[in-house]
Amino acid sequence: MNPMNYVILAAILFSIGSAAVLLRRNAIVAFMGVELMLNAANLALVAFSKIYGHLDGQIMAFFVMVVAAAEVVVGLAIIITVFRARQTISLDEPAELKG
Amino acid sequence: MVNEVLFWIVAVMTVIPSLSLLFAKRPVHIAMSIVTVMVGLAAAYVGLGAPFLGVVQIVVYTGAVMMMFLFVLMLVGVDSTEDLKETIKGQKWIAFAGSIGLAILLIAVIGKVTVQPRNEGPVGDPYPIAIQLFEDYVLVMEVLGFLLITSAVGALVLTHVPRLKPRRAQVDVAKARVLAGADPVNKPMPGVYARHNALDIPALDPEGKPIEHSVSRVLKIRSQTQDGAEFRAQLEDPGHPGNVAESKDGDDK
């Protein structure tokens, strides 16, 4: 079985993640969509590493994981700060700035 | 070369739970199904010859990242309901169309590609991964160290709440109590006429007067207190019927 099937699976997962980011109003759920997109990219990288017989793809996937962990830490801290300031984490809230 | 059964198991295990991201109502359910997706992806990594990444995936994503999501859900409030009123008109359908279009585009492009997979790829065991990381990518590793430290400090700074009032230590509490006129020492113990379980009898001060506040306030409210005069009378009259009963009662206790 061709490892390109895993790349197609990664494309599907990426699309689901992007749909979640576009659709959901809850900041945490949208953030989980971002995580799913990063994981889909990781899956594609590992599949490419398998296809081309290099370890570089796996190294890149490892780096993506590290960056994703850092991003989650800062992003969730921002969500908590926003929640403290406005008592909501709805992503529609910035629209209230229009006045 | 790639196990077909494993692929289909992984596909079902990742795509179906990830759809909860679009359709599930409660954030906790979404987080748990994303955990399933992460475990499925870890299985895929192991199947694709990356066992190290598979283990890292489970440790980092299911173990750390998703648990942190759950912690933040706990802090923010699990039942924070989403308002479904659309601020942009037709946003739902535009988003659906955009995502499906993206999926179709990516799949069409990927489907046109023909590759000749190598039969014997390297296996991403920890040892060759470590050789690569610390020889070819050592600078990137150091930069990632900076990144992680910066993000940790950033999270601390962002979630830090400055103290509004000075901290009250034990010394301050004691000083405030004395300033308010309270006794600096303990209250005297009740029960000088210990003929029974005598918490309801006030203590005597050095002049022989009863100290009323040595008896618990609760007993006074329930009117379960007795004053010393009654007991003095009983002591002086040995034939008092209550005297015998009281002493028997006291023996039982």
Side-chain angles (χ1 to χ4, degrees), chain A residues 1-9 11-20 22-26 28-29 31-33 35-36 39 42-43 46-47 49-56 58-59 61-63 65-70 72-74 76-81 83 88-90 92 95, chain B residues 2 4 7 11 14-15 18-19 21-22 27 30-31 34 37-38 41 44-45 48-50 53 56 60 64-65 68-69 72-73 75-76 80 82-83 87 92 95-96 98-100 102-103 106-107 110 113 115 117-118 121-122 124 128-129 132-133 137 140 144 147-148 151-152 154-155 158-159:
Chain A
M1 189 181 185
N2 199 323
M4 277 314 267
N5 289 346
Y6 277 104
V7 183
I8 293 178
L9 177 64
I12 293 172
L13 288 178
F14 190 91
S15 308
I16 293 174
S18 70
L22 291 174
L23 277 174
R24 303 303 294 248
R25 313 288 174 76
N26 191 330
I28 293 181
V29 178
F31 210 46
M32 286 186 214
E35 286 304 307
L36 189 65
N39 271 286
N42 269 351
L43 182 62
V46 175
S49 156
K50 175 78 176 173
I51 290 168
Y52 290 105
H54 271 294
L55 275 183
D56 288 323
Q58 296 185 18
I59 305 279
F62 181 72
F63 290 156
M65 278 184 193
V66 176
V67 173
V72 163
V73 167
V74 175
L76 289 179
I78 290 174
I79 287 178
I80 289 181
T81 316
F83 179 75
T88 176
I89 52 166
S90 174
D92 271 345
Chain B
V2 175
E4 194 163 344
F7 172 77
T14 51
V15 171
S18 67
L19 283 177
L21 211 47
L22 303 180
I30 299 173
I34 296 296
V37 174
M38 301 300 179
L41 286 177
Y45 293 165
L48 283 170
L53 269 191
V56 168
V60 170
V65 169
M68 207 148 72
F69 270 105
V72 171
L73 277 178
L75 283 177
V76 165
S80 54
E82 225 172 337
D83 58 334
T87 11
K92 193 192 272 181
F96 260 124
S99 304
I100 291 174
L102 179 67
L106 284 174
I107 291 170
I110 293 165
V113 176
V115 289
R118 307 213 178 162
I129 294 263
Q132 284 258 316
L133 275 181
Y137 293 98
V140 185
L144 284 181
L147 179 73
L148 283 175
S151 67
L158 279 173
T159 53

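Quick note on labels: first sequence line is chain A, next is B, and so on, each numbered from 1. This is a predicted model, so every value here is computed, not measured.
The candidate with the highest count of non-hydrogen atom pairs below 4.5 Å against chain A, out of B:L106, B:L102, B:L53, B:L147, is B:L53. Between chain A and the options B:I34, B:V56, B:V60, heavy-atom pairs under 4.5 Å are most frequent for B:V56. Highest contact tally toward chain B, considering only A:V74, A:I80, A:I28, A:T81, is held by A:I28 [criterion: heavy-atom pairs under 4.5 Å].
A:Q58 places a side-chain N or O within donor-acceptor distance of the main-chain N or O of B:G49, the cut-off being under 3.5 Å. Looking only at distances, a side-chain donor or acceptor of A:S49 sits under 3.5 Å from a matching main-chain atom of A:H54.
For the pair B:G124 and A:L55, the tightest heavy-atom approach, listed with the atom from each and the gap, is CA-CD2, 3.7 Å. Closest non-hydrogen pair, A:N26 versus B:P27, comes out as ND2-CG, 3.5 Å.
Both the backbone and the side chain of A:I16 come within contact range of chain B, each with at least one heavy atom under 4.5 Å from a heavy atom of that chain. Only the side chain of A:I12 comes within contact range of chain B, judged by heavy atoms closer than 4.5 Å. Neither the backbone nor the side chain of B:A64 comes within contact range of chain A; no heavy atoms are under 4.5 Å apart. For B:V37, the part sitting under 4.5 Å from any heavy atom of chain A is the side chain, from C-beta outward, and nothing else. With a 4.5 angstrom heavy-atom cutoff, A:L13 touches chain B only via side-chain atoms. Contacts of A:L43 with chain B are made by both backbone and side-chain atoms, with heavy-atom separations under 4.5 Å. Contacts between A:L9 and chain B at a heavy-atom distance below 4.5 Å involve the side chain alone, from C-beta outward. If you measure heavy-atom distances from A:Y6 to chain B, the contacts under 4.5 Å come from both the backbone and the side chain.
Legend: residues meeting ring pair (Phe, Tyr, Trp, His ring centres under 6.0 Å) with A:F63, ordered by chain and number and at least two apart, are B:Y137. Under the side-chain hydrogen bond (donor to acceptor under 3.5 Å, both in side chains) criterion, A:N39 pairs with B:Q57, sequence neighbours left out.
No side-chain heavy atom of B:L148 sits under 4.5 Å from any side-chain heavy atom of A:V73. Taking 4.5 Å as the limit, some side-chain heavy atom of A:N42 sits within range of a side-chain heavy atom of B:Y45.
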